[in-house]
Amino acid sequence: MKLPAGLARMMSSLRHIDAKPDDLVLEAHQLLAVHLPKHQGVWQAENALASRATAMILLASYLREHRDG
């Protein structure tokens, strides 16, 4: 059974995240612009930093779309 969008949003565990979407985007940019070049050629570090930045951007998008207020 699928919940209505409003009810699902109220029950989401992500609703209580106390982060500002713009700050998440800036931090993701810093990861890619500052930290990623330091680890050029180390595939594992590059992958970890890019994955973390991607998660931050996705979370910021979610918060912008679903946060009340």
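Heads up: numbering here begins at 1 and tracks the sequence. What you see is a predicted model; the values in this text were computed from it and never measured.
- Residue A19 comes nearest to L63 through the heavy atom pair O-CD1, 3.8 Å, listed as atom of the first residue, atom of the second, then distance.
- In this structure, the side chains of K38 and L36 stay at 4.5 Å or more apart for every pair of heavy atoms.
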Inset, instruction - Mind running side chain to side chain contact (heavy atoms under 4.5 Å, CB included) on L24 and I57 for me, showing each step along the way? - result: CA-CA 7 Å; L24 288 171; I57 297 294; over 6 Å; no
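- E46 contributes a side-chain N or O that, together with a main-chain N or O of G41, makes up a donor-acceptor pair within less than 3.5 Å.
- Other residues, nucleotides and ligands contribute more than 12 heavy atoms inside 6.0 Å of the NE2 atom of H39.
- Between L31 and M56, the closest side-chain pair of non-hydrogen atoms falls below 4.5 Å.
- Minimum heavy-atom separation, A53 to A28: O-CB, 3.8 Å.
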Legend entry - Trace of the side chain to side chain contact (heavy atoms under 4.5 Å, CB included) decision for R64 with D22: CA-CA 9 Å; R64 276 194 185 123; D22 291 339; 2.3 Å; yes
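- Nearest heavy atom pair, residue A60 against residue V25, reads CB-CG2, 3.8 Å.
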